[in-house]
Amino acid sequence: MANDRPSNWNAVDLLPAGGLEGKAARGTPLRVKLGIDPTAPDIHLGHTVALGTLAAFQEAGHAAVLIIGDYTARIGDPSGRSGERPVLSADELDRNARSYAEQAFKILDRDRTEVRHNSEWLAKLDFAELLRLTRTMTVARMLKRDDFANRMAAQEPISVTELLYPLVQGYDSVAVQADVELGGTDQLYNLLAGRDVMQAYGLEPQVALTLPILVGTDGTERMSKSRGNYIGVAEPPSDQFGKVMSIPDSATADYWRLCLRRDPPELEPMQAKLALAAAIVTRYHGEPAAAQAEAHFTRVVRERGTPEDVPVLEVAADTVHLPEVLKRQFGESTSHWRRLIEQGSVRVNGVPATELNLPAERLSDALVQAGRRRFVRLRLGTGALEPRSRPDAAGC
RNA sequence: GGGGGAGUUCCCGAGUGGCCAAAGGGGACCGGCUGUAAACCGGUUGGCUCCGCCUUCGGAGGUUCGAAUCCUCCCUCCCCCA
């Protein structure tokens, strides 16, 4: 049936040829593995490409095995890396692991997903077993892969631990007896190494299915938290909407296919992107939230209006130092806000601010806008702006 | 174990005694324009009680009127030979 066709899986590679059909012919549900290392607290749309395919296998009646790489994260996957990954603390990894699984269920069917943490078997792996594992691979084969070859050429460090990564990932496949493993195209090497490891352990090698890499909001680099070009599945609706709108037009079609597993609609670029943003927000927050996010976008970004909900900040009755107020509300430094005020991009009640201090009489209920999208309403109160204001009773 | 090289502001990367808060690029932010938080063009990009002051160039000392730049020791990393 149509569901079993690779086109439905967004697959780039499906190796070996015919392998999947062969396994499917057994008639029993396949065990489809996807591993995610909890290196950051949130899942973003980049992760959802493979998760979506895993969900598609689920729908087709196969078994989804989601591996939270709480142990492999300690090694650091070298795939696509130009340098070593920073190692997170055990606490952080635990926290991340929890939120990962939770967020993954926005895509997967919770009741039909087998979630495993690879610490379950890797923590018990003893040295003899590790040695057995390392004999399945040669250094020459390892160093042939692009990531390492490039780093060698650039005289950059490669740790022995990193070399171990593909083997350990392969060991995961042994542990869960995977029939198929999913991963981005950058995972091809690891997925194939898994085949060798399985064979060495007397198992039928898994089928490797690779998926396209989703570009981030910049439209060129792969989506990743560390590059700051990501759209998180747990982000607030209006942020998701805005971020989707910020992707280049050229990326919209891919987003439709990879994030939503749908064909892009035949619309003008702007309309297609608006529809995409709405569809993505709907998926993760529901339709009402999507409608609100779109309204917010239209109002604030397209029409340059004021949002419906503006946060209120209490300030003391003394003259208010604008940079300090902005720093309080939005972070950054007072120097940063000074610069923006100089550039005329901070408005008080719609008028560009020319002075740094705001006299008390102009302060009451003042709407302060910093740049296009940041707003705060000031309200007189006891909220003393340290350190320049003295403790006074006048405020009450 | 021996020899060589490197650590600069968010990132990459110039800078080898004062003209350095430190070139250039990337990123980010702001502005213009626009169909968007796209594209394109322009500006900004250490901090502060901000036209002056303070803190930065792996760390700690030292030389000097003055050091990212010179000296000493230490830490980290890379390469080559073994």
Side-chain angles (χ1 to χ4, degrees), chain A residues 45 81-87 143 148 150-162 215-232 235-255 264 267-278 280-281 293-305 307 318-328 330-347 352-357 368-375 385-390:
Chain A
L45 293 183
R81 281 272 146 173
S82 54
E84 254 184 282
R85 283 177 189 256
V87 177
L143 296 182
F148 290 143
N150 292 339
R151 280 161 69 179
M152 289 290 278
Q155 307 202 324
E156 273 159 12
I158 299 168
S159 69
V160 175
T161 335
E162 288 180 276
V215 295
T217 51
D218 54 67
T220 41
E221 304 256 40
R222 68 175 297 160
M223 183 174 286
S224 86
K225 170 98 177 180
S226 53
R227 289 206 183 82
N229 63 357
Y230 71 102
I231 303 174
E235 283 191 89
S238 58
D239 285 354
Q240 279 185 346
F241 198 97
K243 283 189 178 187
V244 173
M245 290 308 290
S246 80
I247 67 172
D249 290 347
S250 58
T252 35
D254 273 349
Y255 269 59
L267 295 169
E268 293 301 304
M270 178 67 175
Q271 293 308 315
K273 205 149 68 172
L274 282 168
L276 172 71
I280 287 176
V281 178
E294 177 151 16
H296 179 272
F297 184 81
T298 305
R299 185 177 174 134
V300 178
V301 179
R302 303 182 71 184
E303 295 170 357
R304 306 205 171 171
D318 303 29
T319 298
V320 173
H321 192 57
L322 214 41
E324 220 164 290
V325 172
L326 293 167
K327 175 183 178 179
R328 257 193 152 194
F330 304 117
E332 308 284 355
S333 64
T334 55
S335 299
H336 177 256
W337 296 114
R338 270 170 187 273
R339 283 181 219 115
L340 290 195
I341 290 167
E342 277 164 31
Q343 292 180 34
S345 26
V346 174
R347 291 164 178 268
T354 50
E355 291 168 55
L356 299 175
N357 291 316
V368 179
Q369 175 179 10
R372 197 79 86 202
R373 285 154 27 222
R374 292 200 260 208
F375 296 85
L385 263 182
E386 81 302 354
R388 57 176 51 240
S389 63
R390 310 159 265 155

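Worth saying up front: this structure is predicted, and the values here are computed from it rather than measured. Here is the naming used below: chain letters follow the sequence lines, and residue numbers restart at 1 for every chain. Just the heavy atoms: all of them, side chains too, but no hydrogens, waters or symmetry mates, feed the values below.
The residue A:F297 sits close to a base: some heavy atom pair falls under 4.0 Å. Within the nucleic acid shown, A:S333 comes within 4.0 Å of sugar-phosphate atoms alone, with no base atom in reach, counting heavy atoms only. Residue contacts for A:S238: at a heavy-atom cut-off of 4.0 Å it reaches a base atom on one of the strands shown. Counting any heavy atom pair closer than 4.0 Å across all strands shown, A:G371 reaches sugar-phosphate atoms only and no base atom. Among the atoms of the strands shown, base atoms are found under 4.0 Å from some heavy atom of A:S335.
Taking atom CE of residue A:M270 and atom P of nucleotide B:A37, one finds them 8 Å apart after rounding to whole Å. Taking atom OH of A:Y255 as the reference point, atom C1' of B:A37 lies 13 Å away to the nearest angstrom. The CD-P distance, from A:E294 to B:A37, rounds to 14 Å in whole Å. Between A:Q369 atom CD and B:C30 atom P the separation is 11 Å, expressed in whole Å. Spacing between atom CH2 of A:W337 and atom P of B:U45 amounts to 16 Å, rounded to whole angstrom units. Atom CZ in A:R373 sits roughly 14 Å away from atom P in B:U36 (whole-Å rounding). Following rounding to the nearest Å, A:E332 (CD) and B:U44 (C1') show an atom-to-atom distance of 13 Å. A:N229 has its CG atom 15 Å from the C1' atom of B:C10, to the nearest Å.
Proximity of A:T334 to the phosphate of B:C48: a side-chain N or O atom is located under 4.0 Å from OP1 or OP2. Considering only side-chain N and O atoms, A:K273 lies nowhere under 4.0 angstrom from the phosphate OP1 or OP2 of B:A37. Of the side-chain N and O atoms in A:R339, one or more sit less than 4.0 angstrom from OP1 or OP2 of B:G47.
In this structure, the side chains of A:R372 and A:V301 stay at 4.5 Å or more apart for every pair of heavy atoms. Taking the side chain as every heavy atom from C-beta outward, A:Q369 and A:V346 never approach each other to under 4.5 Å. Between A:V215 and A:T220 there is no side-chain heavy-atom pair separated by less than 4.5 Å. By the 4.5 Å heavy-atom criterion applied to side chains, A:P323 and A:I341 are counted as neighbours.
Taking atom C1' on both nucleotides, B:U56 is separated from B:U45 by 16 Å, rounded to a whole Å. Atom name C1', nucleotides B:A67 and B:C33: the rounded distance is 47 Å, in whole Å. Taking atom P in both B:C74 and B:G24, one finds a spacing of 38 Å when rounded to whole Å. Rounded to the nearest Å, the gap between the C1' atom of B:U76 and that of B:G43 is 39 Å. For the C1' atoms, the distance linking B:A6 with B:U69 amounts to 16 Å, nearest Å. Taking atom P in both B:A38 and B:C29, one finds a spacing of 9 Å when rounded to whole Å. If you take atom P in B:G62 and the same atom in B:U16, they sit 26 Å apart, rounded to whole Å. The separation of B:G42 from B:G26, taken at their P atoms, amounts to 12 Å, rounded to a whole angstrom.
For the pair A:W337 (side chain) and A:F330 (backbone), a donor-acceptor distance under 3.5 Å is absent. Not one N or O on the side chain of A:N357 forms a donor-acceptor pair closer than 3.5 Å with the backbone of A:L322.
Between A:H296 and A:A370, the residue whose closest nucleotide on RNA chain B is further toward the 5' end is A:A370. Where A:E342 and A:P269 each meet RNA chain B at their nearest nucleotide, the meeting point lying more 5' is that of A:P269.
Look at B:U69: it lacks any Watson-Crick or wobble partner with both distances under 3.5 angstrom. Nucleotide B:G24 forms a Watson-Crick or G-U wobble pair with B:C12, both donor-acceptor distances falling under 3.5 Å. Summarising the base pairing, B:C40 is matched to B:G32 through a Watson-Crick or G-U wobble pair whose two defining distances lie under 3.5 Å. Using the Watson-Crick or G-U wobble rule with both distances under 3.5 Å, B:C77 pairs with B:G5.
Checking B:U44, B:A38, B:U36 against the side-chain heavy atoms of A:D249 singles out B:U36 as nearest. Side-chain proximity of A:R372 to the nucleotides B:C30, B:G32, B:U36 is greatest for B:G32. Set against B:G35, B:U49, B:U36, the side chain of A:E324 has B:U49 as its closest nucleotide. Closest to the A:Q343 side chain, of the nucleotides B:A38, B:U44, B:C29, is B:U44.
Among residues two or more places apart in sequence or in another chain, the ring-ring contact (aromatic ring centres under 6.0 Å, His included) test is passed with A:Y255 by none.
Atom CZ of A:F297 and atom OG of A:S238 lie 11.0 Å apart (nearest 0.5 Å).
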